[in-house]
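Each remark here refers to the structure printed beneath this line.
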Amino acid sequence: MTSPRRWSPVGLGLVVPTAFFVIGPLAFLAWMGIAQEGAEFLDRARDLALPAVVGQVALLATLTTAWACTLGVPLAWLTVRSDLPARRLIRWLAPLPLAIPPYIGALVYQIVLAPGGLLPNLLGISILPVSLYSLWGASWVLGLFTYPYLYLLVSGALERTNPSLEEAARGAGLSPRQVLLRTTLPLLRPSLLAGALIVFLYGWADFGVVSLLRVRTLTTIIYDYLQGTLEWAFPAALSVILTAITVLVLLLQLRVLGRAGYTQIISGAKPPSRVALGFWRWPAFAYCAAVLTLSLLLPFGLLGYQASRLTATAGIVFVLGQWPYFVNSLWTAVTGASLALVIALGVGRFEGLRGTRPVSGLFQIGYAIPGTVLGLGLAGFVHATLPWIYATPLTLIVAYLVLYITPACQAVKAALAQLHPSLEEAARSLGRGPLSTFWSVTLPLIKPGLVGGWILVFVLSMRELAATLIVRPPGFDTLPVRIWIYAMDVGPEPRAAVLALALVLTIALPWLVLLSLRSRGISPSG
Amino acid sequence: MHLLALQNITKRYAPDRPPAVDGLTLTVDQGEILALLGPSGCGKTTTLRVIAGFEVPDTGRVAIRGETMAGPDRWVPPEERGVGVVFQEYALFPHLTVAENVGFGLHRFDRSARRERVRQILELVGLESFASRYPHELSGGQQQRVAVARALAPAPALLLLDEPFSNLDADLRAQMRDEVEKILRNTGTTGIFVTHDQEEAFTLADRVGVLNQGRLEQLDTPERIYHHPDTPFVAEFVGAADFLPGLVTTGGIVTELGVFANMEGREMGEKVKVMLRPDDITFIPRPDGQGMIIRRYFRGSENLYCIRLPSGHRVHSSQASSSVFPLGTRVRPEAHLIHVVTFPEGD
């Protein structure tokens with residue numbers, strides 16, 4: 001609107017430091033990685049059988065993606081487009097497994113599937129034919145707790161599909177099955193691809209699950225190196241490889257999505273018709289129930305069972321002892337989320353100005369960097385440039401900010417996009433200045449979006465493990481770190497379960513708020 | 001002093017595109033209702049936004065009551081102009097009730113004065129009983145009334161309405177048009193509204209400004225605009241019009257349909273085209289008639305006939321709804337012009 005808009009000093013003051021912390025770690029790693037001598041690197045790579053490890057990680061990510069698709073896509077179609085029994089309940093439950101960090105999922109399945117666990121005991125054998133401590137076990141766990149990404153994206157796309165397109169296909173003489181294959185699924189391509197990509201990169205960059213399940217990947221090698229040697233060059237070189245492949249996958253996505261227009265949101269269009277499943281109604285229900293049991297019921301039930309094995313007094317004493325770690329987690333996540341939101345708001349207000357696109361593009365790099373890599377790069381970069389914040393909780397907050405500024409920006413941008421510009425103009429014409437307009441019109445209308453964005457960043461920061469392990473100051477443990485250490489050192493014993501339960505509940509409550517905000521579908525446009 | 005004066009306003013959105021508003025100059029007097037009429041993209045909404053202060057003009061001056069609002073050396077932000085705006089989509093604040101919407105511009109009033117003013121203005125638009133509703137709980141016509149009430153509440157010197165009736169059904173539109181006019185007249189508010197509907201402009205406005213490609217083609221009373229258009233564009237935009245070539249002679253303007261008085265003092269020997277409206281043309285069916293009916297448009301209240309003349313020119317004639325002639329009927333067309341309007345041949 002009015003008078004040529006420029007970046008304000010405040011906006012720049014927020015954006016420039018963030019950009020500094022996004023670029024810095026990567027530049028540091030690239031520099032360190034390249035400084036490594038080629039011959040020496042090749043020697044070590046051979047010792048570690050690096051090509052085999054890379055292949056193994058790629059296989060892990062692929063298996064995870066396939067497994068998550070198998071779980072999430074049918075669930076999305078069944079809940080949105082069919083007459084599945086208990087559709088609403090399943091729809092409400094399906095995104096909830098996101099509240100369980102995969103490393104906690106690994107903990108849970110250690111209780112069930114590990115040698116001497118519940119299932120082998122039940123079957124009366126000592127070990128299962130397929131070990132949990134393998135590629136298969138890791139993909140099993142990762143897929144079970146990342147499928148909601150696919151579910152959310154695909155079901156969202158299914159809801160937005162304009163039913164007239166399918167009716168047009170029917171009108172052109174296609175059978176319902178052909179409509180599904182030739183109209184519905186092609187329209188879902190972008191959301192399917194986006195979801196699959198998220199899951200693939202999650203598997204590719206995961207540290208928590210693979211470390212607990214003793215699968216050797218790039219991230220665990222980097223971490224072990226850091227612990228053992230405190231030497232930067234070799235892990236930095238590995239990080240460069242890890243990041244390069246991540247970036248490659250992201251670029252591939254841009255190419256595939258290409259030019260075709262897929263959005264066909266029609267507001268007020270009638271909801272899509274539901275397909276009658278007939279005989280398949282109950283088998284389909286059983287499938288959904290099985291997915292939810294494995295990803296939701298079993299984890300909660302087992303954590304609760306395991307925790308209840310502790311006597312009440314022992315439990316309370318233990319929880320009180322762990323209280324400081326809980327506080328550490330909470331205040332760093334709250335600070336990170338608040339800071340991310342303020343910066344995102346600063347960027348969002350200037351959307352459309354020269355320089356916004358590069359800025360949000362830059363922030364996206366932060367989202368794509370694997371946590372382990374960012375941790376390593378940030379620790380090294382801060383150590384070299386800003387030693388006074390090295391090994392303080394501030395580094396941790398910066399890590400959360402760099403990792404999760406993008407979801408915050410997306411939430412703010414989506415909220416602002418819903419705001420019709422004439423609403424702000426109306427306020428101006430009624431005698432309110434820019435600031436008063438922002439407080440009385442803009443802010444109340446984008447508030448649901450802002451709350452959603454804040455919760456998202458809070459939840460993500462609360463459960464962050466890989467980067468936290470590396471950049472946390474000595475002795476400054478967070479809840480995920482405590483859980484991981486317990487699970488690594490002594491396995492899935494009751495005290496680890498108590499902590500895991502505490503973390504999951506802390507995440508699940510805001511996550512429920514976020515979901516209910518979405519389903520209420522507040523639309524602030526007039 | 002004029003209430004509003006625009007002087008040579010130009011606004012260009014992109015350097016490589018033609019200006020949205022191009023050298024616009026006009027004045028509006030206190031209490032007057034002005035319509036800006038034109039096809040989409042003619043710059044009428046941009047003009048409104050320049051007056052409201054949502055756009056900064058590239059050149060020219062906007063003055064309200066003689067005080068410069070936008071000019072080479074001064075720019076007053078929208079909130080300090082005292083101009084009310086009714087938006088096409090109404091832009092009601094969805095998080096506020098009707099009363100809070102209407103009271104939004106009264107932030108300088110104290111509490112009781114504000115309540116009184118809101119009550120008074122809601123009464124004016126007949127929505128007293130809807131004060132505590134939210135906008136989405138209202139019908140389209142009610143939302144429109146809230147939008148008008150909200151814009152009028154701070155008693156603006158000038159009210160701008162952007163396509164205010166385009167979102168309403170046909171019968172509701174006519175009703176709201178009457179109501180809005182009554183409110184503007186009763187409160188003595190000066191109004192400028194933008195429309196692409198010539199009927200709306202004619203029935204509501206004291207004067208109509210016809211815009212084309214950012215330029216003001218004509219600013220006049222509705223009657224003058226219709227009967228004495230300055231340009232062929234205006235002639236065609238505000239109603240159906242045919243143009244017949246004619247030659248100016250001492251006896252009058254000679255055309256295929258007879259000789260018309262040279263009312264505009266055109267020079268002898270000048271080639272012109274004469275504007276013919278469908279209600280100027282009648283015809284008598286005759287086997288030896290020079291014209292032939294080639295098309296009939298049934299319009300409900302009238303029949304519009306298209307008649308081909310021997311020269312190949314076509315003219316349209318409006319006839320009673322019940323008078324039906326088959327296609328191909330030979331007719332003798334006659335033109336009865338009260339106002340003879342001509343344009344130079346090349347126009």
Side-chain angles (χ1 to χ4, degrees), chain A residues 1-6 8 265-269 345 349-354 357 412 414-452 517-526, chain B residues 45 48-58 69-70 75-96 100-109 134-136 138 140 143-144 146-147 149-156 158-163 167:
Chain A
M1 199 176 79
T2 52
S3 65
R5 293 189 314 164
R6 263 177 245 104
S8 68
I265 312 159
I266 309 289
S267 61
L345 206 56
R349 284 303 287 174
F350 297 99
E351 193 64 39
L353 278 188
R354 217 150 47 90
R357 278 175 65 93
V412 169
L416 283 172
Q418 295 251 310
L419 190 73
H420 200 284
S422 62
L423 286 170
E424 290 178 341
E425 289 173 356
R428 297 294 296 276
S429 76
L430 289 165
R432 299 290 184 97
L435 211 61
S436 168
T437 298
F438 182 77
W439 279 112
S440 56
V441 175
T442 315
L443 202 58
L445 289 177
I446 62 172
K447 209 166 58 192
L450 295 191
V451 172
L517 275 179
R518 282 215 185 123
S519 64
R520 261 193 3 238
I522 300 166
S523 137
S525 60
Chain B
T45 296
L48 220 57
R49 294 175 60 80
V50 165
I51 300 171
F54 301 145
E55 304 285 352
V56 185
D58 298 334
M69 293 292 159
W75 192 77
V76 178
E79 61 269 24
E80 289 162 28
R81 293 193 181 192
V83 173
V85 183
V86 176
F87 291 86
Q88 186 172 7
E89 319 277 347
Y90 313 141
L92 298 178
F93 304 124
H95 60 305
L96 302 179
E100 286 165 343
N101 262 285
V102 173
F104 191 86
L106 305 174
H107 52 291
R108 295 213 174 78
F109 287 45
Y134 281 89
H136 65 91
L138 303 179
Q143 291 185 7
Q144 160 103 72
V146 176
R150 184 181 69 180
L152 282 177
L158 177 63
L159 187 67
L160 307 177
L161 304 102
D162 186 5
E163 303 263 7
N167 281 335

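Every chain is numbered from 1 and lettered A, B, ... according to where its sequence line falls, protein lines coming before strand lines. Atoms considered below: every heavy atom in the structure, side chains included; atoms not considered: hydrogens, waters and symmetry mates.
- Using a 4.5 Å cut-off between heavy atoms, B:Val85 touches chain A through backbone and side chain atoms alike.
- Only the side chain of B:Arg108 comes within contact range of chain A, with heavy atoms under 4.5 Å apart.
- The ring-ring contact (aromatic ring centres under 6.0 Å, His included) search around B:Phe104 returns B:Phe93, not counting sequence neighbours.
- Taking both residues in full, the closest heavy atoms of A:Leu430 and B:Ala151 are given as CD2-CA, 4.3 Å, listed atom of the first, atom of the second, then distance.
- In terms of heavy atoms, A:Leu423 sits closest to B:Ala91 at CD2-O, 3.3 Å.
- Within the 4.5 angstrom heavy-atom criterion, atoms from both the backbone and the side chain of A:Ser440 approach chain B.
- Closest approach of A:Ser429 and B:Phe54 over heavy atoms only: CB-CZ, 4.0 Å.
- Nearest approach of A:Gly433 to B:Glu79, heavy atoms of both residues: CA-OE2, 3.3 Å.
- For the pair A:Arg428 and B:Pro77, the minimum side-chain heavy-atom distance is below 4.5 Å.
- Looking at B:Pro135, there are no atoms closer than 4.5 Å to chain A (heavy atoms on both sides), in backbone or side chain.
- Most heavy-atom pairs under 4.5 Å with chain A: of the set B:His95, B:Arg81, B:His136, this distinction falls to B:His95.
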